Protein chains: 2
Amino acid sequence: MPKQTFFNISKDKRETLLNAAQKEFSRVQLSEALISNIVKSAGISRGSFYQYFNDKEDLYFFLLNKYAKESKESFISILKKLNGDIFNTFIEMFHLMLKKFKTKEHGDFLRNAFLNMNHKIENTFTNGFNKRKFSNELLELSDLIDKENLNIADEKEFRHVMQILMVITLHNTISNFTNEMPIKESLENYITEIHLLKKGLCKERRR
Amino acid sequence: MPKQTFFNISKDKRETLLNAAQKEFSRVQLSEALISNIVKSAGISRGSFYQYFNDKEDLYFFLLNKYAKESKESFISILKKLNGDIFNTFIEMFHLMLKKFKTKEHGDFLRNAFLNMNHKIENTFTNGFNKRKFSNELLELSDLIDKENLNIADEKEFRHVMQILMVITLHNTISNFTNEMPIKESLENYITEIHLLKKGLCKERRR
DNA sequence: AATTATATATGACAAGGTGTCATTTGTCAA
DNA sequence: TTGACAAATGACACCTTGTCATATATAATT
């Protein structure tokens with residue numbers, strides 16, 4: 001987390017700095033980003049940077065968290081709109097993300113994040129989903145989800161279902177970048193996979 | 001790919017260098033690894049390094065490819081042993097990998113690779129699986145797999161099934177690290193997910 | 001208002017990494 | 001022996017990082 005100093009400075013200055021960071025992290029991925037570029041672009045001294053943050057990553061994950069938070073809010077709002085239909089919620093969310101990636105303001109930043117998705121970045125987005133126990137976030141979601149049609153025996157299986165959907169969704173998002181597919185094709189592929197997940201990969205219901 | 005020069009030097013020298021690289025990439029992940037450490041540890045001059053490789057990544061992916069190749073061979077051999085049962089093959093493979101991660105010689109290297117898995121590293125391992133068309137590798141596998149019990153309508157769905165299994169498997173592997181779970185627990189979680197995938201996430205068979 | 005205490009800003013600096021290149025050393029064939 | 005080519009070297013210029021002593025601004029106190 002940024003240091004207290006960062007939250008003490010004026011909102012203007014803070015936003016200038018965040019914009020500079022966003023610009024740098026849109027240029028290249030985290031590991032290639034240069035503090036010196038951010039500092040230059042924000043018009044602050046090198047020393048100041050270290051008065052606000054511990055390091056590059058400190059700043060990066062602060063920014064990324066804002067994106068993640070927005071995403072989670074979108075997700076919940078879609079889920080409500082679709083009356084708890086988790087599958088279609090994921091599909092609509094997937095579509096929404098692909099469209100967001102095309103925008104000029106966020107596209108490159110997210111692109112770099114997803115192209116270099118690792119467990120830490122993933123966790124920022126899926127925070128709480130893949131933990132062993134129920135997190136608050138998952139708990140909040142859980143109540144909104146219609147479990148009638150879910151083929152689950154207990155709560156543990158429910159968590160795994162959510163995790164599976166999450167992972168497959170993330171992976172399809174990344175594929176959209178790496179294969180440079182048009183949105184339509186990505187969406188088709190994704191829906192195919194969701195369909196497969198729903199109906200099961202195995203022919204026999206009981207074996 | 002390494003330059004021709006690298007393949008011209010003596011096998012001894014080559015192996016010394018690869019060992020030095022392995023050591024450094026076991027210490028930290030790719031982006032934090034230092035050429036200067038590799039060079040020092042291998043006892044060659046800085047200039048020589050650049051006579052063999054274009055950069056750090058050139059060397060890294062050469063090494064990683066060797067691991068990936070071994071994995072693929074293991075996979076095929078297990079698949080044959082299990083008469084094309086793809087689900088149990090994945091489970092046995094998963095188990096095998098977890099055990100390999102515990103070994104002293106490969107553990108740290110693989111750990112760093114998986115903890116920082118991105119699409120490029122992933123692609124080294126799953127190479128050919130997630131492409132739009134049938135790759136040679138997938139084609140070779142395809143013949144070995146018993147499709148009788150697979151709930152697939154066509155070849156396209158088959159590719160997606162393979163991709164789903166791959167992605168879920170990778171993710172569970174990474175979880176094993178990040179959550180520092182004992183092998184037994186990881187395996188249980190994984191099997192739960194495979195089971196869910198097989199039977200389908202949705203209750204109704206036809207909707 | 002003057003003084004003191006505290007918070008913030010600065011940029012020079014040492015340490016250390018990178019990739020290059022002119023030069024040296026080694027090898028092999030004529 | 002000589003010449004041609006391949007491989008090895010390490011000094012070098014350039015760059016980034018994180019720190020720290022110092023300077024400046026802001027708030028608090030008398």
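Basis for what follows: all heavy atoms, side chains included, without hydrogens, waters or symmetry-related copies. Throughout, a chain's letter reflects where its sequence line sits, starting with A, and its residues are numbered from 1. Since we're looking at a predicted model, the values are computed, not measured.
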*Any chance you could lay out the side-chain contact (heavy atoms from CB on, under 4.5 Å) test for B:Phe25 and B:Asn112, step after step, and finish with the verdict?*
CA-CA 7 Å; B:Phe25 292 127; B:Asn112 282 326; over 6 Å; no

Do [Y] and [X] meet the salt-bridge criterion of a basic N to acidic O distance under 4.0 Å?
X: A:Lys56; Y: A:Glu24; result: no
X: A:Glu92; Y: A:Lys81; result: yes
X: B:Glu70; Y: B:Lys100; result: yes
X: B:Glu193; Y: A:Arg159; result: no

*asked:* Please verify the inter-ring angle class for B:Tyr67 with B:Phe109; under 30° counts as parallel, over 60° as perpendicular, anything in between as tilted.
replied: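 B:Tyr67 vs B:Phe109 ring planes: parallel.
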
*Is the A:Phe177 ring parallel, tilted or perpendicular to the A:Phe101 ring (thresholds 30°, 60°)?*
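Ring orientation, 0 to 90° scale: tilted.
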
*Is it the case that A:Lys147 places NZ or CZ above or below the six-membered ring of A:Phe158, under 6.0 angstrom from the centre and within 45 degrees of the axis?*
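Yes, a cation-pi geometry holds between A:Lys147 and A:Phe158.
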
Whole-Å gap separating [atom2] ([N]) and [atom1] ([X]):
X: A:Glu32; N: C:dT18; atom1: CD; atom2: P; result: 14 Å
X: B:Lys3; N: C:dG19; atom1: NZ; atom2: C1'; result: 10 Å
X: B:Tyr50; N: C:dG19; atom1: OH; atom2: C1'; result: 5 Å
X: B:Asn37; N: C:dT18; atom1: CG; atom2: C1'; result: 13 Å

_Outermost nucleotides of DNA chain D that come under 4.0 Å of a non-hydrogen atom of chain B_ =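 Listed 5' to 3', the contact boundaries are D:dA7 to D:dG10.
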
*Verdict with reasoning, B:Glu32 to B:Arg27, per salt bridge (charged side-chain N to carboxylate O under 4.0 Å, His left out)*: CA-CA 9 Å; B:Glu32 286 165 39; B:Arg27 185 182 68 85; over 6 Å; no

_One character per nucleotide, please: for nucleotides 7-12 of chain C, 5' to 3', B when the base has a protein heavy atom closer than 4.0 Å, S when only the sugar-phosphate does, - otherwise._
-SBBB-

*Would you sort out whether B:Lys13 and B:Ile44 count as a side-chain contact (heavy atoms from CB on, under 4.5 Å), showing the intermediate values?*
CA-CA 9 Å; B:Lys13 195 168 184 179; B:Ile44 62 169; 4.1 Å; yes

*If an axis is fit to five pairs at each end of the helix from C:dA1-D:dT30 to C:dA30-D:dT1, what is the angle between the two, to the nearest 10°?*
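Computed from the C1' atoms at both ends, the axes differ by 10°.
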
